[in-house]
Structure formats: structure tokens, C-alpha cells
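Take a look at the structure below.
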Amino acid sequence: MLSVTVCQLHEAAQGLEEDWPSLVRHVGRQKSDLLVLPEMPFAPWLASDREVERERWDAAVAEHDRWLARLGELGPVAVVGSRPVTIDGVPLNEGFAWDAEGGYRAVHHKVYLPQEPGFWEAAWYESGPATFDCATIAGLEVGLLICSEIWFTEHARDYGRRGAHLVVVPRATPAGTADKWLAGGRVAAVVSGAWCLSSNRGGVDRGGAVWDGAGWIVEPESGDVVAVTSENEPFVTRRIDPQRAVRAKRTYPRYIENPLG
């Protein structure tokens with residue numbers, strides 16, 4: 001059994017300093033093995049603005065560096081999330097894993113980037129390489145889909161064929177869209193035969209973006225919703241059985257071979 005925690009967090013200037021001690025206590029009290037953080041949680045949502053400012057990007061990178069240095073406060077828990085990085089001058093949205101023993105490691109760079117009001121992501125950073133490889137995190141095989149990538153269901157299916165126990169989805173999704181995104185999480189769980197875990201930004205950030213919260217835990221066999229976060233319960237933890245993901249892959253529709261390759 002594995003104890004997993006999903007959450008919804010306010011942006012740093014709008015309440016993260018208040019959220020953080022409560023999250024630390026929750027993770028410790030629940031003896032969490034794995035914590036999922038939202039998409040780029042430690043700075044304002046830059047993609048609200050179409051006009052790109054390198055100084056603001058660099059400040060967001062630095063703010064994430066500062067907060068990532070505090071992950072040790074969470075204790076012996078593996079952490080998965082996403083953050084802004086600049087690699088060889090190229091801005092990217094980097095999915096990462098962290099634990100106290102091994103420290104930080106990059107596991108995926110976001111490939112599918114929206115370009116519309118409130119989500120000018122393709123203006124702010126570039127697509128990463130089109131690789132979707134499982135990573136071993138907390139002793140399990142984990143596939144990472146960063147927000148919009150959940151809608152490209154071929155990758156969830158491929159993670160399942162690679163033996164993923166978990167599909168993890170850090171999100172930044174706006175108010176009024178929770179039902180749609182949860183539907184996507186349920187589909188990702190069903191097509192992969194993996195537990196689907198997601199955390200989202202919450203509240204209103206200093207750029208004016210309003211977030212929906214609604215982090216979730218979805219089981220792998222029927223896509224049933226096990227838990228969803230809310231303003232009243234911003235952190236939820238459940239004990240899950242990874243072997244259910246192993247069994248799910250032998251059942252419908254996961255066992256069906258794709259004749260198209």
C-alpha cells in the first residue's frame with residue numbers, strides 16, 4: 001500500500017506561506033509516501049499575459065528555486081510537480097521528482113502548449129522533446145502528464161503499456177472547468193490502467209487568474225473517483241494499492257491490442 005497526497009495551493013503572494021505549514025503537518029500526520037504539487041506552483045502564472053518579459057520569467061525560476069530548497073521540510077516523502085527552467089537559454093516547463101535521499105531530478109518537459117487568453121504558454125516557453133518515459137518514483141513506475149497533455153490520451157495509454165502504476169498530472173486549470181478536467185483524469189486512469197493523481201493551483205493569484213482547485217485521486221480499474229480536494233479540504237490523502245494497477249492492465253479495455261500499431 002502507498003499513501004498518496006494531492007492538493008490545491010495558493011500562489012506564493014496570495015497565501016502559499018499560510019498553506020505550506022498546513023501541508024507540512026498534513027503530510028507528516030498522514031505519513032505520505034508521495035505528494036503531487038500543482039503546475040508551476042511557486043510563482044504567479046506568467047502565461048496570463050501574452051507579452052513575455054524575461055525578467056519575470058527569471059524571477060519565477062528563482063522563486064521556484066527558493067521553494068524547492070524547502071521541500072526537505074516535508075520529511076520523507078517523494079514529491080512530483082512542475083516548474084519553470086531555462087536550459088541552454090531555452091525556457092521550458094519541467095516535470096520533476098524529488099525525495100530527501102536522491103534530491104531533485106527532471107523527468108519530463110511539457111510538450112503540448114496552449115496559446116489562448118490566460119494561457120499564452122507557447123509564448124512563454126518552448127515544447128520539450130516528445131518523449132514520455134516512465135520514471136521510478138517512490139518505488140513505482142510513474143508517467144507524468146503536465147496539464148494539457150492529459151487530453152492526448154495516447155500517452156496515458158502508452159504509460160500503461162510501459163507498466164505505469166500511477167499517471168500524475170500537475171495542473172493549472174481555471175475556475176469553472178473542474179468537471180471537464182476530472183473527466184479527463186478518469187479517462188487517463190481507464191486507458192492506462194493506472195491510478196491517476198492530480199493537484200491544481202487554487203484561489204486567485206496576483207495576476208488575476210482564478211483557479212479551480214479540485215485535485216483528485218482516481219482508481220485504475222473503472223475510473224472511479226476516490227477523492228477530490230476543495231477549499232474546505234485543500235489536501236487529501238488516501239492509501240492506494242499499486243497492485244490494482246497491475247491487475248487492471250489485464251482487464252478491459254487495457255488488454256486489447258491496437259491493430260494499427
Side-chain angles (χ1 to χ4, degrees), residues 2 4 6 34 36 39 80-82 92-97 105-116 119 121-122 126-173 177-200 214-228 238 240-261:
L2 191 80
V4 298
V6 297
L34 178 73
V36 179
E39 184 176 15
V80 181
S82 122
L92 296 164
N93 186 342
E94 182 168 276
F96 68 87
R105 59 188 167 112
V107 298
H108 174 66
H109 294 94
K110 190 173 183 178
V111 176
Y112 298 98
L113 307 183
Q115 184 72 348
E116 63 178 66
F119 297 90
E121 295 178 54
E126 297 189 17
S127 293
T131 54
F132 290 81
D133 297 323
C134 288
T136 303
I137 303 170
L140 300 179
E141 292 302 297
V142 178
L144 189 61
L145 298 174
I146 302 176
C147 203
S148 295
E149 294 179 332
I150 198 173
W151 300 115
F152 298 83
T153 55
E154 63 269 28
H155 300 300
R157 184 183 300 276
D158 187 57
Y159 278 142
R161 294 189 180 277
R162 292 168 181 256
H165 300 92
L166 310 176
V167 172
V168 173
V169 188
R171 289 168 27 243
T173 61
T177 65
D179 288 347
K180 176 179 74 174
W181 285 92
L182 183 54
R186 297 185 69 185
V187 170
V190 169
V191 301
S192 64
W195 292 88
C196 188
L197 313 178
S198 183
S199 292
N200 191 21
W216 68 64
I217 300 170
V218 177
E219 63 84 34
E221 294 164 293
S222 300
D224 290 339
V225 179
V226 174
V228 180
R238 297 291 186 271
I240 67 171
D241 181 3
Q243 288 304 307
R244 288 184 64 180
V246 176
R247 294 192 297 270
K249 290 172 179 54
R250 300 193 291 265
T251 64
Y252 182 88
R254 278 75 53 162
Y255 70 82
I256 299 175
E257 294 294 332
N258 184 354
L260 304 180

What pair of heavy atoms forms the shortest contact from [X] to [Y], and how long is it?
X      : Y      : value
Ser82  : Asn93  : OG-OD1, 2.6 Å
Ala194 : Ala245 : CA-CB, 4.1 Å
Ala188 : Ile150 : CB-CG1, 4.1 Å
Ala156 : Val191 : CB-CG2, 3.8 Å

What's the verdict on side-chain contact (heavy atoms from CB on, under 4.5 Å) for Ile240 and Leu166, showing C-alpha distance, side-chain angles and the deciding distance?
CA-CA 10 Å; Ile240 67 171; Leu166 310 176; 3.7 Å; yes

Approximate separation, where rounding is to 0.5 Å, of [X] [atom1] and [Y] [atom2]:
X      : Y      : atom1 : atom2 : value
Glu121 : Ser127 : CD    : OG    : 10.0 Å
Ser148 : Glu39  : OG    : CD    : 7.5 Å
Asp158 : Arg162 : CG    : CZ    : 4.5 Å
Thr177 : Arg171 : OG1   : CZ    : 7.0 Å
Tyr112 : Glu149 : OH    : CD    : 7.5 Å
Asn258 : Arg157 : CG    : CZ    : 7.0 Å

Decide yes or no for [X] and [Y]: does some side-chain heavy atom of the first lie under 4.5 Å from some side-chain heavy atom of the second?
X      : Y      : result
Val218 : Leu182 : yes
Pro129 : His109 : yes
Thr136 : Val142 : no
Cys147 : Val169 : no
Val4   : Val36  : no
Val190 : Pro253 : yes
Arg105 : Ile137 : yes
Tyr159 : Glu154 : no

Please lay out, stage by stage, how Trp151 and Lys180 fare under the test side-chain contact (heavy atoms from CB on, under 4.5 Å).
CA-CA 11 Å; Trp151 300 115; Lys180 176 179 74 174; 3.8 Å; yes

For the residue pair His165 and Glu141, confirm or rule out a side-chain donor-acceptor distance under 3.5 Å.
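No.
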
Please tell me whether Thr251 and Glu221 have a donor and an acceptor in their side chains that are separated by less than 3.5 angstrom.
no

Check: Arg254 side chain, Tyr252 main-chain N or O, donor-acceptor pair, under 3.5 Å:
yes

Donor-acceptor under 3.5 Å (Asn200 side chain, Thr173 main chain):
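Yes; at least one donor-acceptor contact below 3.5 Å.
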
Which of Val226, Leu140, Val167 passes side-chain contact (heavy atoms from CB on, under 4.5 Å) with Trp195? It is Val226

Test Lys110 against every option in Ile146, Leu144, Leu145 by the side-chain contact (heavy atoms from CB on, under 4.5 Å) rule and name the one that passes.
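Only match with Lys110 under side-chain contact (heavy atoms from CB on, under 4.5 Å): Ile146.
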
Parallel, tilted or perpendicular, judged at 30° and 60°: which one describes the rings of Phe132 and His155?
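Rings of Phe132 and His155: parallel, as their planes differ by under 30°.
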
